[in-house]
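Below: one structure, written as structure tokens.
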Amino acid sequence: MSSEIERRVENLLATAKGTEVVNNSSGPSSSETKQSLPDSASSKTEASFDDTAAKEKFSIELKNLQDSRKASPNAKAMQSFREKLPAYKVKDEFLKAVRDNQVLVVSGETGCGKTTQLPQFILEEEISNLRGAGCNIICTQPRRISAISVAARIASERGENLGETVGYQIRLEAKRSAQTRLLFCTTGVLLRRLIQEPDLGDVSHLLVDEIHERGLNEDFLIIILRDLLPQRPNLRLILMSATINADLFSKYFGNTPVIHIQGLTFPVVERFLEDILEKTHYKIKSEYDNMHGNSRRRRQQYSRTDPLTEMFEEVDIDSQYKNYSISTRQSLDAWTGVQLDLGLVEATIDHICRNEGDGAILVFLTGWDEISKLLEKIKANAFLGNSSKFLVLPLHGSMPTVNQREIFDRPPSNMRKIVLATNIAESSITIDDVVYVIDCGKAKETSYDALNKLACLLPSWISKASAHQRRGRAGRVQPGVCYRLYPKIVHDAMPQYQLPEILRTPLQELCLNIKSLQLGAVAPFLSKALQPPDALSVQNAIELLKTIGVFDEREELTPLGHHLCTLPLDPNIGKMLIMGSIFQCLDPALTIASALAHRDPFVLPINRKEEADAAKRSFADDSCSDHIALLKAFEAWKDAKRSGRDRAFCWENFLSPITLQMMDDMRNQFFDLLSDIGFVNKAKGIKSYNKYGHDLEMVCAILCAGLYPNVIQCKRRGKRTAFYSKDVGKVDIHPSSVNAGIHLFPLPYMVYSEKVKTTSIYIRDSTNISDYALLLFGGGLTPNKTTGSIEMLGGYLHFSASKSVLQLIQNLRAELDKLLQRKIEVPGLDIYAEGKGVVSAAIELLHSQNVSAMKN
DNA sequence: GAGCACTGC
């Protein structure tokens, strides 16, 4: 720090103390804090019927309406279609079970009609019995699209418009009315609703669909519901699952009855690797023949951790496969399961195209790289590369093609569609005309290493349940064939189910939600889960929440924690938003928070990835920040949108218009919520909280405030920079980051929002920040008496400077913290009026960052 | 020196 800046900061701080410290003693009491919190953000749309007569009248109206619609010719056709569904056969049994039991588990395979028919049976029954006005049926779905499409389907089966008696509600979008008696919503929406309405007092029937997927929200909801049922004897709960693990849920609810419904899909023949090798005569080469580079490293990595592959290594090929040809046995001997043999995939596609009937082929692969490489291989293939005969389409969540119609459309009659997809095609995207599925048997799967506090994303064998689901994708329109590129004995040894998400993911947001729903202490609550998470994972989450000031020492919510409960965000990102609103960087904070919370708007095109990289880098300019790149891209999109050329803009800059629009909507939602908790005044608009929105040093400081303790050190190693984190040591910048390939950085630290272990431990998105940003907006400062330096992050980071500078920084930080604490307790406080000197001093210091270049 | 499963408030 130059002495000039030191003097100016000191002066500013002195003026601040004059006004601030004196006022501080008259701060608000904690009871005032509570009052400033909002009690409700959501509107209540159901009509309430206090008047019994009005209620009866409405029930009669509903019945008359239902009866008259049933009489129409269109409805009769619908009815005969519905009667063909397997669910129809259990209608009476189901309705009786709903009457007689508070909880019921229904299992049914794809196509049995459970999702569309069961909620509808209840609705019809209630309306017919003149209980229409009093019933309020909710059916949760794990995904937004299914909530909308199922609601639309049922409305059309009932011959009414969507939003009348049947509606839906997903984040930022709803079609419902006072008349709505059956509402489809995402599980997340219901969990939010539970904050306002902990006993779901208005709900008569709750159906929770797709519970076999074992998503985090669904597992969480089920714990709450099991505790809630005794208090709500009139509430009926129906859990809907795919056949296989229904008993698990029945046991969880005290051996509640289970109803099974037959599936209704076409038969799908299964062929395993050994049969495929016999048919294609494809020869698998031993990995040792073509190993170079890091494939040996990969092989070692996998074979040590993968029991399935190891199991197959032990198999005596000649006796196990004695009826197969020598060529097949040699291939099976060479096969390891460590890495997918793309030549084998190609040979299988080739075989189908030459020998099998019409129909689309769906290939399940693990990721971008495999899709891209296979696409190239097919293009180069003399037979399959004929683009007038074969329409080959990549399908990956981050590819710009993900929403293109040609994936769903039937190709011209002389063409065969071949879709190369990830797991996205397993449940999120359904391609109806698929007749052939090729299953590589693996998927990238997140796991959480609690010891190293590390999220991992590694390819692993799928479960039998998943394999079954993939196979089912081939039988939607006619009988199909599923080609499994692994031996049958590997399939038989696959785990029955995937680990539930609650065991595979960091838990901080869940822990915050537990407190916000007032469900008691975190660890005892989570121990009631169907499969409780590891104690260390819970401990890590609680410690993080303490570090960022959301939980106090007793694991209760701090005032900041209370505010964060109203924001549907990961606690770190929520904190960033609040800090952005406090420090007049609201616009960038809203944009960055919405991108981090939702998804990256940058798409990864298959052919033009260098151009895509360059586009992202140009948005980042020289900021050394992926977050700034996001921000600039969003702002440029808004400009393009104003001049009506947003479509071209997205295409030219490799951005997803759908993601950007969602971000824009989320920004508005966050702004409204910040207004509800008093940090901003909605009427004044975002721009009135954006004085420093274009000050990139301030924006980076806000990022630091939100993302801490996600900090890494940049250490100069000769002509390059190496990066170190507290928990796992050396890490790498992800190659997709704008900071990848930069050798030297102007500032000594990076903050990041995601650290994931894939082929290495990668920091996916990063922003280069100064030591001042960390000192003022990072974690608590601890002076080290022996070295005379200041420490942070449990002594991992230390800062040294002259005694007077360190003292000055500590004083400034102490004042800043006091001011912030008051602001968080009284969100309406004008910190620029009350703490002018402190804030100005902090800004001054942040702007002096270029004085201290990287010194490590 | 070389990579990016998928949902959701």
Side-chain angles (χ1 to χ4, degrees), chain A residues 41-42 140-147 169-173 185-195 210 213-218 220-221 293-294 364-373 395-399 402 421-429 440 442-447 455-460 462 466 498 501 504-505 509-510 512-513 516-517 564-570 573-574 594 597-600 602-606 609-610 612-613 616 626 662 665-666 669-670 673 720 722 732-737 740-743 754 756-760 762-765:
Chain A
S42 86
T140 68
Q141 293 292 315
R143 285 169 289 279
R144 295 163 58 90
I145 307 251
S146 46
Q169 186 178 348
I170 59 179
R171 181 182 199 167
L172 305 171
E173 198 182 319
C185 66
T186 43
T187 318
V189 165
L190 184 72
L191 284 168
R192 279 283 136 188
R193 182 167 164 174
L194 273 163
I195 299 177
E210 314 284 11
E213 289 182 12
R214 302 299 307 278
L216 183 66
N217 283 345
E218 289 72 20
F220 181 36
L221 179 62
N294 64 2
F364 282 103
L365 300 163
T366 59
W368 197 96
D369 211 38
E370 280 180 0
I371 293 175
S372 164
K373 282 184 179 145
L395 176 59
H396 182 289
S398 315
M399 284 175 186
V402 70
T422 61
N423 244 2
I424 196 170
E426 201 178 286
S427 49
S428 302
I429 285 180
C440 75
K442 289 193 174 180
K444 281 190 184 160
E445 191 181 68
T446 50
S447 51
C456 306
L457 179 64
L458 299 167
S460 63
I462 58 173
S466 224
Q498 190 192 29
E501 194 184 2
R504 294 187 290 114
T505 186
E509 197 179 352
L510 182 64
L512 178 63
N513 289 335
S516 90
L517 286 163
L564 292 186
C565 287
T566 62
L567 298 172
L569 280 169
D570 182 84
I573 302 172
S594 61
H598 183 50
R599 58 152 71 212
D600 192 345
F602 287 98
V603 291
L604 312 163
I606 216 143
K609 62 179 188 170
E610 286 80 12
D613 247 29
K616 189 173 173 185
D626 294 299
M662 184 70 183
D665 296 341
M666 287 171 71
Q669 183 192 28
F670 294 147
L673 291 169
R720 303 168 56 86
D732 293 313
I733 299 292
H734 196 280
S736 66
S737 164
I742 296 181
H743 293 327
E754 240 189 331
V756 183
K757 180 182 167 185
T758 53
T759 51
S760 165
Y762 284 115
I763 302 298
R764 276 207 179 144
D765 49 352

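Nothing here was measured: the structure is a model prediction, and the numbers come from that model. Order of the sequence lines fixes the chain letters, A, B, ..., with proteins taken first and strands second; residue numbering starts at 1 for each chain.
- Of the listed nucleotides (B:dG3, B:dG8, B:dT7), B:dT7 has the atom at the smallest distance from the side chain of A:Ile424.
- Between the CG atom of A:Leu190 and the P atom of B:dC9 there is a distance of 12 Å, given to the nearest Å.
- Residue A:Ile170 is in sugar-phosphate contact alone, with no base atom involved, counting any heavy-atom pair closer than 4.0 Å across all strands shown.
- A sub-4.0 Å separation between OP1 or OP2 of B:dT7 and a side-chain N or O of A:Ser427 is absent.
- Between the side chains of A:Gln169 and A:Arg193, not a single donor N or O lies within less than 3.5 Å of an accepting N or O.
- In this structure, A:Glu610 atom CD and B:dG3 atom C1' are separated by 12 Å, rounded to whole Å.
- A:Gly215 comes within 4.0 angstrom of no nucleic acid atom, judged by non-hydrogen atoms across all strands.
- Side-chain atoms of A:Glu501 and base atoms of B:dG8 include no donor and acceptor less than 3.5 Å apart.
- Within 4.0 Å (heavy atoms only), A:Arg143 reaches sugar-phosphate atoms of the nucleic acid but no base atom.
- When distances are taken from the side chain of A:Thr758 to each of B:dC6, B:dC9, B:dC4, the shortest belongs to B:dC4.
- Taking side-chain N and O atoms only, A:Lys444 has a distance below 4.0 Å to OP1 or OP2 of B:dC4.
- Within the 4.0 angstrom heavy-atom criterion, no nucleotide atom of any strand lies near A:Arg504.
- Atom-to-atom, CD1 of A:Ile371 to C1' of B:dC4 comes out at 11 Å; the value is rounded to the nearest Å.
- Distances shorter than 4.0 Å separate none of the side-chain N or O atoms of A:Thr759 from OP1 or OP2 on B:dA2.
- Within the 4.0 angstrom heavy-atom criterion, base atoms lie near A:Glu509.
- To the nearest angstrom, C1' of B:dC6 lies 15 Å from CG of A:Leu365.
- Here B:dC9 presents its C1' atom at 9 Å from CG of A:Leu172, a figure rounded to the nearest Å.
- Between A:Pro142 and A:Pro735, the residue anchored nearer the 5' end of DNA chain B, judged by the nucleotide with its closest heavy atom, is A:Pro735.
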Salt bridge (Lys or Arg N to Asp or Glu O under 4.0 Å) between A:Glu213 and A:Arg143, worked out: CA-CA 11 Å; A:Glu213 289 182 12; A:Arg143 285 169 289 279; 2.9 Å; yes

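- Across all strands shown, A:Thr186 has heavy atoms under 4.0 Å from sugar-phosphate atoms exclusively, and none from any base.
- Among the nucleotides B:dT7, B:dC9, B:dC4, the one closest to the side chain of A:Arg599 is B:dT7.
- Applying the 90° criterion around 0 to the glycosidic angle, B:dC4 comes out syn.
- Side-chain contact check for A:Glu370 and A:Thr366: at least one donor-acceptor pair (N or O, by modelled atom type) lies under 3.5 Å.
- Under the 3.5 Å distance criterion, with hydrogens and angles disregarded, no donor-acceptor pair is assigned to the side chains of A:Arg144 and A:Thr186.
- Atom CG of A:Leu172 sits in a crowded spot, with more than 12 heavy atoms from other residues, nucleotides or ligands closer than 6.0 Å.
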